[in-house]
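Side chains included, hydrogens not; waters and symmetry mates left out as well; all remaining heavy atoms used.
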Amino acid sequence: QVHLEESGGGSVQAGGSLRLSCVHSGHMYPNYCMGWFRQAPGKEREGVAGFGGAASTTYADSVKGRFSISKDNAKNTLYLQMNSLKPEDTAMYYCAAIAATCVWPESLPTYLVDYWGKGIQVTVSS
């Protein structure tokens, strides 16, 4: 089994920054694909950023140039640095993992995900 635990969420004003962290444990290999997803009230869960094999990265168009995903295998931690936050970034953010190495498709589909964290709230006020 794999356990994913997010931290670093909270409330911030528009234009501000937050960094999310996801510590993973259990049967995880360093080359497994990981990513961040989010779900706003009344909306479907959507991909935000993915970290894949050979340190490849994939971003949703809505966050390109503002968010950055990174991974520290020594700390078993995935990060999401979020800058220039907008009210429309308000959502529950979920850490995700695929039990394989991969290159994330641009669409960052949820059906590829094998493991989910419980989620953490990010609220951006105008």
Next item on the list: Would you name the heavy atoms of L112 and P105 that are closest together and state the gap between them?
Entry: CD1-CD, 3.8 Å

Check: Roughly how far, to the nearest 0.5 Å, is the CD atom of E46 from the OG atom of S107?
Finding: 12.0 Å

Note to self: Just checking E5: does its CD atom have more than 12 heavy atoms from other residues, nucleotides or ligands closer to it than 6.0 angstrom?
What the structure shows: no

Checklist line | Heavy-atom closest pair, residues S84 and R66 | finding: O-NH1, 2.9 Å

Next item on the list: Group every Ile, Leu, Val, Met, Phe, Trp and Tyr by side-chain heavy-atom contacts under 4.5 Å, then state whether V113 and Y32 land in the same group.
Entry: no

Next item on the list: Look at the aromatic rings of F37 and W116 and report parallel, tilted or perpendicular, splitting at 30° and 60°.
Entry: perpendicular

Margin query: Checking the side chain of E6 only, and the main-chain atoms of C22 only, is there a donor and an acceptor separated by less than 3.5 Å?
Written below: no

Note to self: Using a 3.5 Å distance criterion without hydrogens, assess whether the side chain of N83 forms a donor-acceptor pair with backbone atoms of S17.
What the structure shows: no

Check: Which is it for T90 and V122 under the side-chain contact (heavy atoms from CB on, under 4.5 Å) test, yes or no, and what are the steps along the way?
Finding: CA-CA 5 Å; T90 295; V122 171; 6.0 Å; no

Next item on the list: Please answer: with hydrophobic residues joined when any side-chain heavy atoms are less than 4.5 Å apart, are Y115 and M34 in the same cluster?
Entry: yes

Check: Is there a side-chain contact between S70 and R19, using heavy atoms and a 4.5 Å cut-off?
Finding: no

Item checked: T77 side chain vs V23 backbone, donor-acceptor pair below 3.5 Å -> no

Item checked: Intermediate values then yes/no, side-chain contact (heavy atoms from CB on, under 4.5 Å), W104 and S56 -> CA-CA 8 Å; W104 282 95; S56 61; 5.9 Å; no

Notebook entry, point to check: Between Q39 (side chain) and M92 (backbone), is there a donor-acceptor pair under 3.5 Å?
Noted result: no

Notebook entry, point to check: Just how far is it from atom OG of S126 to atom NZ of K86, taken to the nearest 0.5 Å?
Noted result: 13.5 Å

Check: Between the main-chain N or O of P30 and the side-chain N or O of K71, is there a donor-acceptor pair closer than 3.5 Å?
Finding: yes

Next item on the list: Please say whether more than 12 non-hydrogen atoms of neighbouring residues, nucleotides or ligands are located less than 6.0 Å from NZ in K64.
Entry: yes

Next item on the list: Supply the atom-to-atom distance L78 CG to I69 CD1, rounded to the nearest 0.5 angstrom.
Entry: 4.5 Å

Next item on the list: Taking the side chain as every heavy atom from C-beta outward, state whether L108 and V48 have any atom pair closer than 4.5 Å.
Entry: no

Notebook entry, point to check: With no hydrogens and no angle check, is any side-chain donor or acceptor of T57 less than 3.5 Å from a backbone partner on F51?
Noted result: no

Checklist line | Gap separating the CG atom of D89 from the CG atom of L18, nearest 0.5 angstrom | finding: 10.0 Å

Checklist line | Considering all heavy atoms, the nearest L20-W36 contact | finding: CB-CH2, 3.7 Å

Notebook entry, point to check: Looking at Y94, is R45 sitting on its ring face, NZ or CZ under 6.0 Å from the six-membered ring centre and within 45 degrees of the normal?
Noted result: yes

Check: Can you name the closest pair of heavy atoms from A40 and A91 and give their distance?
Finding: N-CB, 3.9 Å

Next item on the list: Looking only at non-hydrogen atoms, find the nearest pair between S125 and P87 and report the distance.
Entry: C-CG, 4.5 Å

Notebook entry, point to check: Can L4 be reached from M82 by stepping across I, L, V, M, F, W or Y side chains whose heavy atoms are under 4.5 Å apart?
Noted result: yes

Next item on the list: Flag yes if Y79 and V12 sit in one hydrophobic cluster, no otherwise; membership is Ile, Leu, Val, Met, Phe, Trp, Tyr, and two members link when side-chain heavy atoms are under 4.5 Å apart.
Entry: no

Margin query: For the CD atom on E106, are there more than 12 heavy atoms of other groups (residues, nucleotides or ligands in this structure) within a distance under 6.0 Å?
Written below: no

Next item on the list: Look up atom OG in S21 and atom CG in D72, then write down how far apart they are to the nearest 0.5 Å.
Entry: 10.0 Å

Next item on the list: Examine L85 and Y59 and state if one hydrophobic cluster contains both, with Ile, Leu, Val, Met, Phe, Trp and Tyr joined whenever side-chain heavy atoms are less than 4.5 Å apart.
Entry: yes

